[in-house]
K.L.:
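Below are the structure tokens for one structure; questions will follow.
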Amino acid sequence: MRVLGGSLALLLAAGKASAFVPSSFVARNGNIVASPSAASPSSLHMATDSGPPYSGPSVKPILDSIEYPSDMKNLGMKDLKQLAHELRWEVIEAVSKTGGHLSSSLGVVELTVALHYVFDMPDDDIIWDVSHQCYPHKMLTGRRNRFEKLRQLGGISGFCKRKESEYDSFGAGHSTTSISAAQGMSVGKAMLNKRKNNNIAVIGDGAITGGMAFEAMNSAGYLKNRMIVVLNDNGQVSLPTGTQSAGGVVPASQLSAYTSNLLVSKPFQDFRDFAKSFNRLLPENVQEVNKRVDEYARGLVSGGTLFEELGFYYVGPVDGHDLDNLIPILEKLRDSDSNKPVLLHIKTEKGKGYPPAEQASDKMHGVAKFDVGTGQQIKGKSSAPSLTSIFANSLIDQATEDRAVVGITAAMPGGTGMDIFGRRFPKRTFDVGIAEQHAVTFAAGMACEGLKPFCCIYSTFMQRGYDQVVHDVAIQNLPVRMILDRAGLVGNDGPTHHGCYDLAYLGCIPNLTIMSPSDEIELRNMVATCAAFDDGPTVLRYPRGTGYGADKLQNLFGYELENGEIPTKGEVLPIGKGRIIRKPGGINGEANGNTCGKEKKDRVAILSFGTRLSEALIAANEVEEKDPDIAVTVADARFMKPLDIDMIRELADENGVLITVEEGSIGGFGDHVLHFLTLDGALDDGNLKVRPMVLPDTYFEAGTQQEQYDMAGLNSQHIRGTILRLTERVQVPVLSEQD
């Protein structure tokens with residue numbers, strides 16, 4: 001058995017021995033050696049390895065005794081390991097009933113236990129980057145009994161949320177924010193002379209590819225802020241990792257390759273190795289005493305790592321599932337008086353402890369409800385394909401005919417359809433990692449050389465590349481095709497993932513052409529339109545969801561489909577031209593001039609932008625059925641920039657009421673229409689009532705999309721109510737101040 005000598009002996013003489021002795025080490029003849037009873041990581045393999053059906057413990061006595069982290073402080077190592085086992089299965093069983101982010105949480109169970117055992121939240125701060133891995137953390141911080149409504153209306157969020165618990169130090173949902181937040185907290189605590197200044201940022205090898213992480217590390221090393229960055233290295237950079245692209249099937253990150261090389265170039269660092277090199281965090285006089293004795297140990301931790309060049313003390317790699325070493329290392333870092341930032345590099349396995357997750361190509365990252373025994377997900381049946389897959393296959397059609405078409409994603413190939421495109425055109429698919437700023441300017445550079453880049457990014461994530469859209473694309477009028485998936489309200493992921501703001505933040509930028517489809521046929525058409533348009537940048541935004549299917553397209557939208565089949569190839573649309581979908585009397589009907597909309601005040605036009613068109617059509621049918629004197633026209637704008645001003649003038653001239661409907665915030669499509677009508681003088685005589693229906697000025701918490709649009713007041717019953725109020729069929733109560 002190898003013993004700890006050298007610099008550790010000097011530290012013992014200095015009276016610092018006690019902090020070095022974890023429960024898994026015992027003293028023998030004045031030296032510290034590993035206890036033979038200490039469990040190794042391999043001893044934690046559970047019965048699940050034998051194959052399905054998989055099941056966890058029937059009782060969880062230790063987890064049942066934990067309400068808050070303070071309840072963990074007196075547990076021994078054996079009990080902490082048992083707690084991790086029970087916690088892992090609690091996560092599996094809870095997520096199986098609701099759906100959610102599974103494998104990220106399973107990969108950090110031991111880390112979560114270690115952090116809460118070593119540090120004292122909420123005085124100490126633990127910041128989870130992205131925070132989709134926070135389920136074990138939430139279960140240990142008083143919220144275990146609320147998981148039955150995880151990511152549901154009125155339930156707990158799937159991400160950390162400051163207003164939900166004092167143990168959620170910093171809210172998240174987007175990536176690469178944790179190191180900056182931890183640094184700010186460190187400075188804040190130091191300046192306010194707070195007693196404790198422990199700030200831990202937990203960031204994955206995917207999130208650390210974002211440039212903001214390096215901005216923060218560069219600053220932390222320069223300012224010498226006391227903080228610990230835990231780099232959770234699980235080899236999963238993109239969602240999913242391993243899809244075909246121009247870079248092959250390896251993780252989309254050279255940094256990931258770098259950290260992987262660190263992992264394979266030397267064995268895991270245990271507590272004894274860590275203790276040998278720890279003197280670099282000690283005061284300089286102690287370092288000088290230990291310098292000669294410790295020289296041989298410096299090779300155990302690469303002295304020239306990138307992180308050390310940025311001013312961090314690098315510790316690792318460490319097995320992130322080995323509590324025997326993880327806990328004492330964290331304890332020593334906690335007790336250090338040094339202000340030098342530390343990067344603790346741990347290796348974990350995403351989906352750890354649940355074979356279906358370990359074996360899945362996406363590691364069961366985000367799941368629907370599933371059967372615990374088999375891992376089989378229980379998904380609702382839909383005969384219509386997803387809009388994302390329709391987009392991807394439409395792009396394949398364009399790329400088949402035009403070799404200049406390429407696809408770009410920022411670590412979201414599965415969510416944007418780039419995995420589908422990549423299987424057909426791997427050399428024309430580019431996953432740049434979590435780097436939206438780079439993705440946009442990368443696309444701009446491609447456009448300069450004559451390629452036709454489709455830069456596919458969630459609406460909410462495009463916020464991170466805003467300056468690049470303005471500075472690098474729009475000002476230069478480069479034909480970059482920006483494809484914004486997840487526009488509007490997205491459901492269970494909640495406010496960090498809603499695509500509410502793109503119409504407002506992009507609509508004010510000159511040179512952009514902005515379009516949004518009302519259905520799957522229009523989505524195909526708009527992909528073809530973007531591919532054909534080379535006169536400037538285009539934006540195509542569409543929501544999360546599925547197509548309507550042939551029956552609804554024919555019966556509600558009035559499509560005349562040949563043989564009842566949806567066209568598989570899109571047609572190029574005229575830029576800036578909308579369409580009238582429904583005239584008074586129905587899709588194919590004509591109003592009876594004697595009874596329907598005889599007076600202008602009873603004639604209503606609904607101008608929809610995006611997929612609220614179906615709700616507008618339903619509302620129009622219901623209104624006319626209820627009151628034959630009201631005539632309702634429904635139009636599909638198709639484009640926000642440029643507006644179809646001829647169609648808008650026609651609607652304003654022929655109707656007494658004009659309602660715009662969109663899946664976006666204030667400042668978007670409705671405001672552009674209202675601005676035009678004002679400047680055009682359409683409101684001067686007071687004979688036109690205009691009402692923009694937009695998302696209210698608030699954040700929508702987790703729930704289904706239907707629930708969220710109900711709360712937003714953008715479903716058919718709300719459109720119907722707006723029509724009846726504006727045509728004075730119903731009275732709107734006026735509340736007095738006393739009411």
Side-chain angles (χ1 to χ4, degrees), residues 22-24 35 37-97 100-118 133-145 147 150 202 232 234 268 318-330 346-360 363-364 367 370-375:
S23 58
S24 55
S35 168
S37 64
S40 66
S42 61
S43 70
L44 298 179
H45 285 272
M46 303 303 171
T48 55
D49 291 340
S50 60
Y54 305 107
S55 62
S58 58
V59 294
K60 304 182 181 77
I62 298 181
L63 182 59
D64 289 342
S65 70
I66 306 298
E67 180 71 14
Y68 293 100
S70 57
D71 300 325
M72 301 169 53
K73 301 305 182 182
N74 294 323
L75 297 180
M77 185 61 71
K78 181 179 179 181
D79 287 341
L80 289 171
K81 293 177 181 178
Q82 181 62 26
L83 172 61
H85 175 52
E86 294 175 9
L87 182 59
R88 174 168 280 111
W89 275 99
E90 184 73 7
V91 170
I92 294 169
E93 292 164 0
V95 177
S96 75
K97 299 172 184 176
H101 291 101
L102 177 65
S103 57
S104 301
S105 291
L106 298 183
V108 298
V109 168
E110 286 82 10
L111 174 63
T112 305
V113 169
L115 288 172
H116 279 299
Y117 177 76
V118 172
Q133 74 281 58
C134 69
Y135 298 176
H137 158 77
K138 290 198 174 192
M139 288 182 174
L140 294 178
T141 54
R143 288 167 281 180
R144 179 187 175 196
N145 62 354
F147 266 75
L150 173 68
V202 182
N232 178 32
N234 59 27
F268 281 136
V318 174
D319 185 347
H321 302 296
D322 181 5
L323 288 172
D324 285 309
N325 286 301
L326 197 54
I327 286 177
I329 288 174
L330 287 171
I346 67 171
K347 173 62 178 175
T348 63
E349 181 179 2
K350 197 170 183 178
K352 174 74 173 178
Y354 188 51
E358 294 175 345
Q359 298 160 10
K363 301 293 182 180
M364 294 182 71
V367 296
F370 63 93
D371 177 74
V372 172
T374 63

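Positions are given from 1 along the sequence.
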K.L.:
When you measure from the side chain of K363 to the backbone of A357, do you find a donor-acceptor pair of N or O atoms at a distance under 3.5 Å?
P.N.:
no
K.L.:
How would you list all residue pairs meeting salt bridge (Lys or Arg N to Asp or Glu O under 4.0 Å) that involve residues 58-72, not counting sequence neighbours?
P.N.:
K60-E90, K60-E93, D64-R144
K.L.:
Looking at E110 and R88, is there a salt bridge between them, counting it only when a charged N and a carboxylate O are closer than 4.0 Å?
P.N.:
yes
K.L.:
For the pair K73 (side chain) and Y117 (backbone), establish whether a donor and an acceptor sit closer than 3.5 Å, ignoring hydrogens and angles.
P.N.:
yes
K.L.:
Looking at every non-hydrogen atom in both residues, tell me the closest pair between Y354 and V372 and how far apart they are.
P.N.:
OH-O, 2.6 Å
K.L.:
Who pairs with K138 by salt bridge (charged side-chain N to carboxylate O under 4.0 Å, His left out), at least two apart in sequence or on another chain?
P.N.:
E164
K.L.:
So which atom in S103 and which in K350 form the shortest heavy-atom distance, rounded to 0.1 Å?
P.N.:
OG-CE, 3.2 Å
K.L.:
Considering non-hydrogen atoms only, spot the tightest contact between L102 and F370 and give its length.
P.N.:
CD2-CZ, 3.9 Å
K.L.:
Hey, does the side chain of H321 reach the backbone of E349 with a donor-acceptor pair shorter than 3.5 angstrom?
P.N.:
yes
K.L.:
Looking at CG of D322 and CD1 of I346, how far apart are the two atoms once the value is rounded to the nearest 0.5 Å?
P.N.:
11.0 Å
K.L.:
At their closest point, which heavy atom of V109 faces which heavy atom of A84, and how far apart are they?
P.N.:
CG1-O, 3.3 Å
K.L.:
State which residues pass side chain to side chain donor-acceptor pair (under 3.5 Å) with T348; sequence neighbours excluded, sorted by chain then number.
P.N.:
N232
K.L.:
Which pair of non-hydrogen atoms, one from R143 and one from T141, has the smallest distance, and what is that distance?
P.N.:
NH2-OG1, 2.8 Å
K.L.:
Do you know the tightest heavy-atom contact between L326 and G320?
P.N.:
CD2-O, 3.7 Å
